[in-house]
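A note on names: the letters A, B, ... follow the listed sequences, proteins ahead of strands, and every chain is numbered from 1.
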Number of protein chains: 2
Amino acid sequence: MKDITSQQNKVLNCIQVYIKKTGFPPTRADICQELGFKSPNSAETHLRALEKKGFISIESGTSRGISIINPEIEHDGNDYPIIGLVAAGSPTLATENVEKVFNCPQGFFGSNFDYFLRVRGLSMKDAGIMEDDLIAVKKTQDIKNGDIVIARIDDEVTVKYFHRHSPKIVHLQPANEDFSNIEIDLEHTELFIEGKSVGLIREN
Amino acid sequence: MKDITSQQNKVLNCIQVYIKKTGFPPTRADICQELGFKSPNSAETHLRALEKKGFISIESGTSRGISIINPEIEHDGNDYPIIGLVAAGSPTLATENVEKVFNCPQGFFGSNFDYFLRVRGLSMKDAGIMEDDLIAVKKTQDIKNGDIVIARIDDEVTVKYFHRHSPKIVHLQPANEDFSNIEIDLEHTELFIEGKSVGLIREN
DNA sequence: CATTATACTGTATATATATTCAGTATTAAT
DNA sequence: ATTAATACTGAATATATATACAGTATAATG
């Protein structure tokens, strides 16, 4: 993510606060009023800069068409997004990945979590994780050996047991004898941990 | 919370999905397009009804000024008892069997259900049902072959696949090769079906 | 039976809003 | 030294949008 100037950061914060307060994004004029600008073009240019740098997206010709990209995931109450476990690509909250939202009380699973991941394949079947199950994923890097993690290698996302063999070697173990262990040398391969599983839901 | 009609519910869902997808609320026209209405006034009247009933708030004179009001968390109809799968005895709702209650939105699993059953043992592990999982049980006698049923033989309660071989012979099949099939001759043994599994929750 | 709520179509319009254009000024980079 | 990015004011405008008004029709209610 690119650099952001202090003024642009003010605008970004302003947008976030406005959405939190009202439930919908601000207009150019709203931003001007919040930050004391006198011309809507002040807001416009900041918005275009933020868009160019990838912090927001602006829907052209659409009123209040601002949306924040990759925000801290805020579950506005109790709706959690369900994200399809696509073969390639990060399971981000990019809109095209959100299957639907699922209403779930806070603290449903002991730990808090950020989204649901729809499971594809049977590589974790011996851990009781079946096709189409919903894994409650908590975005965290705090992983212990034996945790079930959502890992990304390049653009491939998988759910596996996490085992650190040595500072540089990590094993991603399936729970299905038909699948083989993945050994990762962190020296040569980039491993990104999206988070870990803190719960599971199955709809029959 | 007041009653909501099915059409109003569609509109409310439409708003939620739209916000989740785009980051901002829909216009009247957007709702019309999503739901197939031909007049913006169709959306308008539904919105006013939803506002009157307290599901949304509408900022007057403001484009996309719709925000969803978080309903009071209803503990009335949404607390389901968790019942321990005891080795002996029927999993009745007698208070002494209720571990605790679990708050869960209505319609959480497609079908309605009556209580949660805490799983003991691994006899259904190949069906992805592990120790300590919570099975959502619907009390019903409407069982098809292949359903996962909660069955009681004398005072023994088990969770198994249901297979009717003949009018008098029922097989209760585990999903674990370490356990053996149970064949029941209804002529000589009494089999009571407590209900069937319609969902599953796992807390890690 | 009259009334109210629901559930729409269709038209019209004031205004809310995005967006472009024309400037000015400062700072960082090439 | 010149370009590019930042950081604004101010005015103008096409259009996106809320919203009122005029109808039609059905079901529920008292």
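As judged by a 4.0 angstrom heavy-atom cut-off over every strand, A:T27 is placed among residues touching the sugar-phosphate backbone only. B:E44 comes within 4.0 angstrom of a nucleotide base, judged by non-hydrogen atoms across all strands.
Atom C1' of nucleotide D:dT13 and atom CG of A:N41 are separated by 14 Å, given to the nearest angstrom. Atom CD of B:Q8 is separated from atom P of C:dT6 by 5 Å (rounded to the nearest Å). Atom pair B:E51:CD and D:dA18:P shows a separation of 13 Å (rounding to whole Å applied). One can place CD1 of B:I58 at 7 Å from P of D:dT19, the figure rounded to the nearest angstrom. Residue B:F24 contributes atom CZ, which lies 16 Å from atom C1' of C:dA16 at whole-angstrom precision. Between the P atom of D:dT6 and the CG atom of A:L47 lies a distance of 13 Å, rounded to the nearest Å. Here the C1' atom of nucleotide C:dT24 and the CZ atom of A:F37 are 17 Å apart, to the nearest Å. Atom CD1 of A:I15 and atom P of C:dA18 are 11 Å apart (whole Å).
Using a 4.0 Å cut-off between a side-chain N of Lys or Arg and a carboxylate O of Asp or Glu, B:D132 and B:R202 do not qualify as a salt bridge.
Proximity note for A:S63 (side chain, C-beta onward) versus C:dT17, D:dT9, C:dA7: the nearest is C:dT17.
Side-chain N/O atoms of A:T45 include none lying less than 4.0 angstrom from OP1 or OP2 on D:dT6. For the OP1/OP2 pair of D:dA7 and a distance below 4.0 Å, the side-chain nitrogens and oxygens of A:H46 include at least one atom meeting the criterion. For D:dA18, the OP1/OP2 oxygens have a side-chain nitrogen or oxygen of B:R28 closer than 4.0 Å. Taking side-chain N and O atoms only, A:K53 has a distance below 4.0 Å to OP1 or OP2 of D:dT6. Taking side-chain N and O atoms only, B:Q7 has no distance below 4.0 Å to OP1 or OP2 of C:dT6. Not one side-chain nitrogen or oxygen of B:T62 sits closer than 4.0 Å to the OP1 or OP2 atom of D:dA18. Residue A:R48 has a polar side-chain atom (N or O) positioned under 4.0 Å from OP1 or OP2 of C:dT19.
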**OP:** Would you check, one step at a time, whether the test salt bridge (charged side-chain N to carboxylate O under 4.0 Å, His left out) holds for B:D30 with B:R64?
**Re:** CA-CA 10 Å; B:D30 292 330; B:R64 302 176 187 275; 3.1 Å; yes
Subject >> Pair A:E59-B:K21, salt bridge (charged side-chain N to carboxylate O under 4.0 Å, His left out): steps then yes or no >> reply: CA-CA 12 Å; A:E59 190 73 19; B:K21 276 194 170 180; over 6 Å; no
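The end-to-end axis angle of the helix from C:dC1-D:dG30 to C:dA28-D:dT3, rounded to 10 degrees and based on five pairs per end, is 30°.
Position along DNA chain C of the nearest nucleotide to B:K38 versus A:R64 favours B:K38 as the more 5'-ward residue.
Two residues are said to be in side-chain contact when any heavy atoms from C-beta on lie closer than 4.5 Å; B:I143 and B:F162 meet this criterion.
No side-chain donor from either of A:H46 and A:Q8 sits under 3.5 Å from a side-chain acceptor of the other. Counting only N and O atoms by type, the side chains of A:K196 and A:T140 include no donor and acceptor under 3.5 Å apart.
Annotation: the span from A:K160 atom NZ to A:I148 atom CD1 amounts to 11.0 Å, rounded to 0.5 Å.
In terms of modelled atom types and a separation under 3.5 Å, the side chain of B:D114 and the main chain of B:K139 share a donor-acceptor contact.
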